[in-house]
Amino acid sequence: MRYSGLKVITEGLFGNKGWTPAWRDPAPKAEYDVIIIGGGGHGLSTAYYLAKNHGITNIAVLEKGYLGSGNIGRNTTIVRANYFLPGNSEFYSHSMKLWEGLESDLNYNVMHSQRGLINLFHSDGQRDAFVRRGNAMINQGDDAILLDRDGVREHLPYLDFDNTRFPIYGGLLHPRGGSARHDAVAWGYARGADQRGVDLIQNCEVNGIDIENGVVRGVQTTRGAIRAKKVGIVVAGRSSQVAAMAGMRLPIESHVLQAFVTEGLKPVINHVISFGMGHFYISQSDKGGLVFGGDLDFYASYASRGNLPMVEHVMEAGMTLMPMIGRAKVLRSWGGIMDMSPDGSPVIDKTHVDGLFIDCGWNYGGFKAVPASGWCMAHLMATGEPHEVAAKFRLDRFATGHLLDEEGTGSQHNLH
Amino acid sequence: MRLTCPLCGDRDRREFYYYGAEDYLHRPAEGAPLADLDNYLHLRDNPAGVTKDLWYHEAGCSQWLLVTRNTVTHEISGVELVAGRKA
Ligand SMILES: Cc1cc2nc3c(=O)[nH]c(=O)nc-3n(C[C@H](O)[C@H](O)[C@H](O)COP(=O)(O)OP(=O)(O)OC[C@H]3O[C@@H](n4cnc5c(N)ncnc54)[C@H](O)[C@@H]3O)c2cc1C
Ligand SMILES: [Zn+2]
């Protein structure tokens, strides 16, 4: 079924009786050409692009819970292409271009909104670093505008510009940055994959990977054994456990990141604002809730909830930056399990097992990467060769010293 | 979350700096193969369950602590001083 404005109106007139489920609920077959483990954003987009770009449709996506139950439905939805290092820069630039055509491609409203992202700076040194970053973005073909203090004031008059610790010197505006509705991204890719014949199998946890003579043969699941010629591991925070089923030890440590949303308010914050010094970022959802977050809880964790010290820190940072939000009531907070890598950059690569591939290490930036990650993982799985914009996301780069440490914080997983 | 420091007693989590897994205690000897360094710096067991990791009592006695902890429940089952530990 194609969705359209006309369809919404006619369905509304006739009691909304004509809608059909957005995807099937098939039982697993005995064998597939490709199995994708993990029905998050990256797993679903991989399946979608395998079908769309490479004509491979005999695919199952195996999800242990329900589609979108992981980080794809838990993030603060910031979409940006403001990376600096070669390797990251071209990848996120590619992702941004895919975002810009995503809704018409998927025939699905993912509420992608290029409302502009403003990264604030608070010192001369930071300003220099942002000029450099802005130039890198422009060199990559993306957009960046340096705002001075008055320039920021024009966009964000409500900030506390004269804060004693972090007075606002200016900001880097990335006009094409913004946000999207996270669940809708999962649903849109799920529907698109399903329409092309991909089986989306929920409540199906993979608990073993079958390997014979160095070649992958399939997986063991809570719904029985399923054979496959190729298998992709795309499980974000659970990467270490699933990779261990194939005897791998990954450069990943799992950490919890929290997010918060307030009651719905009238439109007040038009941009995505990032306050790096307080590690705080905020935007307003289309429903009116202020959506904001901060840093990791900092210790390795698989609990999908955080602890109070970070709650306090995030609230303090928010109040420091924009005291006006103090009256808003926080409705909900939650956590997601992040696959933190030791250089802050991801992995999209083959493994030592023939036919077994892995996509992981998204740290807390994997939402904006959903389109390009699926695109590149599909390319790798279909052709056996890395896609040119993801060629540096190698699994062996840690051993060979080719790290992509965007923030230059060194080999400590929780610092990225 | 609270940690019971062997020297300072039961203290708030905010007094501690978290470093990472126990692996950091096993620094390869000089001249060790690169694979050992990769193991030491980057690769992690990353268990969903009981783990051992390093915490620094920054706002207390300035000792490094080896903490035995459950990453799923956040339950803490042991805290020992790294200094003077029998490996
Ligand atoms: C609070 C928070 C805020 C964030 N904010 C941003 C942001 O603003 N911008 C941004 O770009 N990124 C952000 N991120 C990061 C982003 O959400 C993640 O990097 C990205 O969603 C991870 O990829 P995914 O969608 O495939 O993960 P997930 O949705 O977690 O998908 C992995 C799936 O694998 C399944 N799975 C695991 N083990 C198994 C198994 N054994 N068998 C079968 N299935 C299995 C899980 O159930 C899960 O559904 C944020 C994350 C969090 C938690
Ligand atoms: Zn102490």
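Below, chain A is the first sequence line, B the second, and so on; all start at residue 1. Any value given below was found using the heavy atoms of this structure, including those in side chains, with hydrogens, waters and symmetry copies removed.
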Q.
Could you go through A:Tyr302 and B:Asn46, starting from their C-alpha distance and side-chain angles, then the distance that decides it, and tell me whether this counts as side-chain contact (heavy atoms from CB on, under 4.5 Å)?
A. CA-CA 10 Å; A:Tyr302 283 88; B:Asn46 193 23; 3.0 Å; yes

Q: Start with the C-alpha distance between A:Gln412 and B:Tyr18, add both sets of side-chain angles, then the distance that settles side-chain contact (heavy atoms from CB on, under 4.5 Å), and finish with yes or no.
A: CA-CA 10 Å; A:Gln412 192 179 324; B:Tyr18 178 80; 5.7 Å; no

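Interface remark: A:Leu308 contributes no atoms to any contact with chain B (heavy atom separation under 4.5 Å). Only the backbone of A:Leu250 comes within contact range of chain B, judged by heavy atoms closer than 4.5 Å. No part of B:Asn70 comes within reach of chain A, as not one of its non-hydrogen atoms sits under 4.5 angstrom from that chain. Proximity to chain B (any heavy atom under 4.5 Å) is restricted, for A:Asp297, to the backbone atoms N, CA, C and O. Of the two parts of A:Arg305, the backbone and the side chain both hold a non-hydrogen atom closer than 4.5 Å to a non-hydrogen atom of chain B. Both the backbone and the side chain of B:Tyr19 come within contact range of chain A, each with at least one heavy atom under 4.5 Å from a heavy atom of that chain.
One side chain, B:Asn39 or A:Arg249, offers a donor N or O that lies under 3.5 Å from an acceptor on the other.
Below 30°, between 30° and 60°, or above 60°: for B:Trp55 and A:Tyr299 the angle between ring planes is between 30° and 60°, a tilted geometry.
The nearest pair of heavy atoms linking B:His42 to A:Ser411 is NE2-OG, 3.3 Å.
When atom types are taken as modelled, the side chain of B:Arg44 and the backbone of A:Ser254 share no donor-acceptor pair closer than 3.5 angstrom.
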